[in-house]
Amino acid sequence: MADEPLVLGIETSCDETGVGIVRGTTLLADSIASSVDEHARFGGVVPEVASRAHLEAMVPTVERALKEAGVSARDLDGIAVTAGPGLAGALLVGVSAAKAYAYALGKPLYGVNHLASHICVDQLEHGPLPEPTMALLVSGGHSSLLLAPDITADVRPMGATIDDAAGEAFDKIARVLQLGFPGGPVIDRLAREGDPAAIAFPRGLTGPRDAPYDFSFSGLKTSVARWIEAKRAAGEDVPVRDVAASFQEAVVDVLTRKAVRACKDEGVDHLMIGGGVAANSRLRALAADRCERAGIRLRVPRPGLCTDNGAMVAALGAEMVARNRPASDWDLSADSSLPVTETHVPGQGHAHGHGHGHTHDHDHVHEVSKDNLYS
């Protein structure tokens, strides 16, 4: 509909320069430039390399999106951008670009939350989100269960990873198996030819006294690595396909079990799964099976919308415009640790409890903290 808000979204939280254009809940353009190949030789994302790649890709990617959508920049009703969480330098490139476009065009600016955007993107495929929505977000940087009564103003954390995120564990096991980076897609592919019951790897945080909705994959990662090392030390061949299948099954078993439990406990009859690992074929299949048996409707966007993209940012931005949420101030800054409870950043009148634009990660190479493991 022509009267629905037309919004351009910019996503630069990691190594994908994503620009999407949405009218209401209709996707018009989804343009992406990835720098993943530039990071592969490091075995993880190098923040400085990602930031420079964003700088080089930003203007061409915006122009490509506008052309694909068949709209003029002057037609836009707003510019949305990921303000956090993510890599500080990468986020700053996106926020700076969004400010420049919004200021030059005289359009409102909306700094939005990366995780809330991953939930909102499902509207582009399956229509308006039910309220409340239960969401399982699984990626290289996040494994979270979230309850969203209002995607633009009220997102509540139910559970999260206490150590390694699921996608991070995929990459680390792929490294041990010498499968390259990123590891998610290759493990998924090999697992289809393996036996998921071949090796009894542990399921973290599933005991009766454990947090019902939190996740832990560090112990699983260590267990798998030691199993592989023991085989090699004994001079035996490592059954790579069986290891991949058994490891993958341990991850998706815990994810789906806890997500279904959260839906039942909260009386929510549907589950949305997003984030890069949502592209995993076994996660989708097991979630579909368990949801069907529990009477829960499953919503999973197509794989291209699960990984980092500008469309998800535009989707949340369009929802902000439609619900008359306040635009961000011009002093909007990137916040690498923006909490999910802050779905967007209106401005200084809504200050956070911690400073903007700071990161506690001083490593030169990020060990796979990325949402687009399944690109």
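Values below: all heavy atoms of this structure, side chains included; hydrogens, waters and symmetry mates excluded.
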Regarding [X] and [Y], is there a side-chain donor-to-acceptor distance under 3.5 Å anywhere?
| X | Y | value |
| --- | --- | --- |
| Asn280 | Gln248 | yes |
| Asp308 | His118 | yes |
| Thr17 | His54 | yes |

Handout entry: Candidate pair Cys291 and Val260, rule side-chain contact (heavy atoms from CB on, under 4.5 Å), full reasoning
Key = CA-CA 7 Å; Cys291 283; Val260 169; 4.3 Å; yes
Hydrophobic cluster membership, [X] vs [Y], 4.5 Å side-chain cutoff:
| X | Y | result |
| --- | --- | --- |
| Leu27 | Ile151 | yes |
| Leu205 | Tyr213 | no |
| Leu76 | Val19 | yes |
| Leu147 | Val300 | yes |
| Leu91 | Leu316 | no |

Could you tell me whether [X] and [Y] make a salt bridge, using a distance below 4.0 angstrom between a side-chain N and a carboxylate O?
| X | Y | value |
| --- | --- | --- |
| Asp253 | Arg290 | yes |
| Arg323 | Glu319 | yes |
| Lys231 | Glu236 | yes |

Determine whether a donor-acceptor pair (N or O, by modelled atom type, separation under 3.5 Å) exists between the side chain of [X] and the backbone of [Y].
| X | Y | answer |
| --- | --- | --- |
| Arg297 | Asp269 | no |
| Asp195 | Asp242 | no |
| Ser72 | Arg74 | yes |
| Thr82 | Gly84 | no |
| Asp265 | Ala262 | no |
| Glu11 | Ser13 | yes |
| Ser328 | Gly111 | yes |
| Thr133 | Leu129 | no |
| Lys172 | Gly167 | no |
| Asn309 | Met312 | yes |

Can you find a pair of side-chain heavy atoms, one from [X] and one from [Y], that are under 4.5 Å apart?
| X | Y | result |
| --- | --- | --- |
| Ile173 | Arg175 | no |
| Val243 | Ile199 | yes |
| Ser337 | Pro85 | no |
| Leu220 | Val251 | yes |
| Tyr101 | Leu8 | no |
| Val321 | Val7 | yes |
| Leu28 | Val22 | no |
| Val313 | Ile10 | no |

Practice task
Would you please name every residue forming a salt bridge (charged side-chain N to carboxylate O under 4.0 Å, His left out) with Lys221, sequence neighbours left out?
Solution key: Asp164
Completion exercise
salt bridge (charged side-chain N to carboxylate O under 4.0 Å, His left out) filter on Arg192, not counting sequence neighbours, yields Asp188
Return the minimal non-hydrogen interatomic distance between [X] and [Y], and the atom names on each side.
| X | Y | result |
| --- | --- | --- |
| Asp150 | Glu131 | CA-OE2, 4.0 Å |
| Ser143 | Ala166 | OG-N, 2.9 Å |
| Ala88 | Ala334 | O-CB, 4.3 Å |

Practice task
Run the numbers on Arg241 and Glu193 for salt bridge (charged side-chain N to carboxylate O under 4.0 Å, His left out), then give the verdict.
Solution key: CA-CA 6 Å; Arg241 289 169 175 76; Glu193 302 171 10; 2.5 Å; yes
Rounded at 0.5 Å granularity, tell me how far [atom1] in [X] sits from [atom2] in [Y].
| X | Y | atom1 | atom2 | result |
| --- | --- | --- | --- | --- |
| Arg203 | Glu249 | CZ | CD | 6.5 Å |
| Asn113 | Leu338 | CG | CG | 4.5 Å |
| Met134 | Ile273 | CE | CD1 | 12.0 Å |
| Met272 | Leu146 | CE | CG | 10.0 Å |
| Phe215 | Ile162 | CZ | CD1 | 11.5 Å |
| Thr256 | Leu136 | OG1 | CG | 8.5 Å |

Handout entry: Within 6.0 Å of CZ in Arg52, more than 12 heavy atoms from elsewhere
Key = no
Problem - CZ/Arg257: more than 12 non-hydrogen atoms of other groups inside 6.0 Å - result: yes
Exercise for the section: Kindly indicate, with the supporting measurements, whether the criterion side-chain contact (heavy atoms from CB on, under 4.5 Å) is fulfilled by Arg226 and Val224. Expected result: CA-CA 5 Å; Arg226 285 179 176 168; Val224 177; over 6 Å; no
Exercise for the section: Please report the C-alpha distance between Leu332 and Leu109 in whole Å, then the side-chain angles of each, then the deciding distance to 0.1 Å, and finally whether the side-chain contact (heavy atoms from CB on, under 4.5 Å) criterion is met. Expected result: CA-CA 9 Å; Leu332 171 72; Leu109 172 71; 3.9 Å; yes
Practice task
Show your working on side-chain contact (heavy atoms from CB on, under 4.5 Å) between Asp171 and Phe181 and close with a plain yes or no.
Solution key: CA-CA 7 Å; Asp171 269 10; Phe181 174 88; 2.8 Å; yes
Problem - Partners meeting side-chain hydrogen bond (donor to acceptor under 3.5 Å, both in side chains) with Ser216 (sequence neighbours left out) - result: Asp163
Exercise for the section: For the residue pair His114 and His142, categorise the inter-ring angle as parallel (less than 30°), tilted (30 to 60°) or perpendicular (more than 60°). Expected result: tilted
